[in-house]
Every structure is written in structure tokens, then in C-alpha cells.
Enquirer: 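Right, I'll just put the structure down here and ask away after.
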Amino acid sequence: MSSERGGAAGEGQRELHVLAVDDSSVDRALVAHLLRSSKFRVTTVDSGKRALDLLGMERNVSMIITDYWMPEMTGLELLRKIKGSSELKAIPVVIMSSENVPNRIRTCLDEGAEDFLLKPLQPSDVSRLCSRVLR
């Protein structure tokens, strides 16, 4: 697990904390870089289990962005656990995948995902998340 801080938050402005979950170290680094460049505090973990462990200790997560395909627990399974938890269900969850599979995307959105993004993420994806998910 790593925690990286983005730039300083403005006076009186709460720093938004994003938990990025992906088993690929390359994708984790890309997501963290894009989010940090948009002034988010970013914590990265490599599995859904580690994400749940961290969420059990850290309650100030503003958003979770997770890969769909991961060993042990998919992003959809992580989404279901988060949305099924009275303590965590208010946290917006965004799923990302390199595969554009309409039925999978619809299922994730129907299960409560705020958005479904296709990899590789672009700066415009992060801008959209800022305006849409973290209003």
C-alpha cells in the first residue's frame, strides 16, 4: 500500500482522498499520477481485500477507483461489498477495465458504480470524475 499526496489543498478546502485498487503496478502508477496531478491525495493497493482492510482503518476516503479484473476479488465483488456495508456505501466507486463489454458495464452501473472507465485512463476521465462524482 502506498500513499501519495497531491499538491496542497486550498485554504479551508478539504483534500479529497482517492483509493486506487489495481493488481497491475503499471496501471496503479498511471492512475495515481493522473489523480495526483489533479490535486488528490491518493492511496494505492493491489487487491480488493487490501482495499477492504484499508477502508476498515481509514474512514476519510472520498472515492474508490478499482480495476474490474483482479485475482481473488473482482472490482464488481469489491463494489458489492462496499455498497452492502452501512459504513462504506456512501463512498462513490468507479470501475475501470481495458475491456469494453457492454453487459459488464451495465451490471456494474446497476450495482451502484458511479462510472465505468476504459483503460488507459486519460486526463479527461479524471476531469469528468472531479465534476461528476466528487461534486
Side-chain angles (χ1 to χ4, degrees):
M1 164 176 30
S2 74
S3 182
E4 301 285 338
R5 292 198 179 265
E11 287 291 321
Q13 180 182 354
R14 185 171 76 99
E15 185 179 40
L16 296 174
H17 181 194
V18 179
L19 175 59
V21 187
D22 200 313
D23 59 312
S24 163
S25 60
V26 172
D27 287 336
R28 275 195 318 272
L30 174 63
V31 169
H33 172 75
L34 288 172
L35 291 167
R36 279 194 312 269
S37 68
S38 292
K39 310 300 184 220
F40 290 103
R41 176 179 165 219
V42 181
T43 301
T44 62
V45 294
D46 63 1
S47 71
K49 181 185 180 324
R50 289 199 179 161
L52 291 172
D53 290 346
L54 180 121
L55 290 165
M57 298 180 297
E58 175 121 11
R59 295 290 182 196
N60 68 342
V61 173
S62 307
M63 180 177 70
I64 299 162
I65 183 164
T66 181
D67 184 30
Y68 183 88
W69 281 120
M70 296 182 291
E72 298 176 20
M73 181 185 302
T74 67
L76 178 59
E77 291 166 333
L78 177 60
L79 171 69
R80 287 175 174 154
K81 288 184 181 293
I82 290 166
K83 294 305 176 183
S85 164
S86 58
E87 294 87 22
L88 303 175
K89 66 182 177 185
I91 301 172
V93 178
V94 175
I95 309 259
M96 59 184 171
S97 178
S98 58
E99 300 173 342
N100 186 355
V101 180
N103 288 343
R104 181 179 305 147
I105 294 169
R106 175 57 44 212
T107 298
C108 290
L109 295 173
D110 288 347
E111 295 273 348
E114 295 294 324
D115 207 343
F116 194 105
L117 303 175
L118 292 176
K119 293 180 182 181
L121 294 190
Q122 303 297 318
S124 60
D125 294 323
V126 174
S127 296
R128 189 175 80 210
L129 290 177
C130 293
S131 63
R132 186 171 167 267
V133 177
L134 297 172
R135 319 181 191 98

Enquirer: Mind checking what makes side-chain contact (heavy atoms from CB on, under 4.5 Å) contact with E111, not counting sequence neighbours?
Expert: L76, L79, R80, T107
Enquirer: Can you list the steps and then say if T44 with V31 is a side-chain contact (heavy atoms from CB on, under 4.5 Å)?
Expert: CA-CA 9 Å; T44 62; V31 169; over 6 Å; no
Enquirer: For G75 and I95, which heavy atoms make the closest approach, and how far apart are they?
Expert: O-CD1, 3.5 Å
Enquirer: So among L121, L34, L117, which one has a side-chain contact (heavy atoms from CB on, under 4.5 Å) with L129?
Expert: L117
Enquirer: I'd like to know whether R59 forms a side-chain contact (heavy atoms from CB on, under 4.5 Å) with L88, so could you lay out the CA-CA distance, the side-chain angles of the two residues, the decisive distance to 0.1 Å, and finally the verdict.
Expert: CA-CA 8 Å; R59 295 290 182 196; L88 303 175; 3.3 Å; yes
Enquirer: Linking I/L/V/M/F/W/Y whenever their side-chain heavy atoms sit closer than 4.5 Å, directly or via other members, would V101 and M70 fall into one cluster?
Expert: no
Enquirer: With rounding to the nearest 0.5 Å, note down the distance linking NZ in K81 to CG in L78.
Expert: 9.0 Å
Enquirer: Which residue pairs pass the side-chain hydrogen bond (donor to acceptor under 3.5 Å, both in side chains) test with at least one member in residues 83-94, sequence neighbours excluded?
Expert: S85-E87
Enquirer: Test side-chain contact (heavy atoms from CB on, under 4.5 Å) on T43 and H17 and set out the steps.
Expert: CA-CA 8 Å; T43 301; H17 181 194; 2.7 Å; yes
Enquirer: If every non-hydrogen atom of A51 is compared with every non-hydrogen atom of L19, which pair is closest and at what distance?
Expert: CB-CD2, 4.0 Å
Enquirer: Kindly compute the distance separating CD1 (I105) from CG (L109), expressed to the nearest 0.5 Å.
Expert: 7.5 Å
Enquirer: With sequence neighbours excluded, what pairs up with S97 under the side-chain contact (heavy atoms from CB on, under 4.5 Å) test?
Expert: Y68, E99, R104, F116
Enquirer: Quick one: side-chain contact (heavy atoms from CB on, under 4.5 Å) partners of Q122, sequence neighbours excluded?
Expert: P120, S124, D125
Enquirer: Show your reasoning for whether side-chain contact (heavy atoms from CB on, under 4.5 Å) applies to D53 and V45.
Expert: CA-CA 10 Å; D53 290 346; V45 294; over 6 Å; no
Enquirer: Would you say S62's side chain and V18's backbone share a donor-acceptor pair under 3.5 angstrom?
Expert: no
Enquirer: For the atom pair CD (E114) and CD1 (I64), what is the distance rounded to the nearest 0.5 Å?
Expert: 11.0 Å
Enquirer: Give a yes or no on whether D110 atom CG has more than 12 heavy-atom contacts from other residues, nucleotides or ligands under 6.0 Å away.
Expert: yes
Enquirer: How would you list, by chain and number, every residue that makes a salt bridge (charged side-chain N to carboxylate O under 4.0 Å, His left out) with E58, sequence neighbours excluded?
Expert: R41
Enquirer: Can you tell me how far OG1 of T66 sits from CD of E77, rounded to the nearest 0.5 angstrom?
Expert: 10.5 Å
Enquirer: Side-chain contact test, heavy atoms from C-beta onward, threshold under 4.5 Å: evaluate it for M63 versus L16 and give yes or no.
Expert: no
Enquirer: How close do I91 and V61 get, heavy atom to heavy atom, and via which atoms?
Expert: CG1-O, 3.9 Å
Enquirer: Drop me the distance from D46's CG to E72's CD, to the nearest 0.5 angstrom.
Expert: 8.5 Å
Enquirer: With sequence neighbours excluded, tell me which residues meet salt bridge (charged side-chain N to carboxylate O under 4.0 Å, His left out) with K119.
Expert: D22, D27, D67
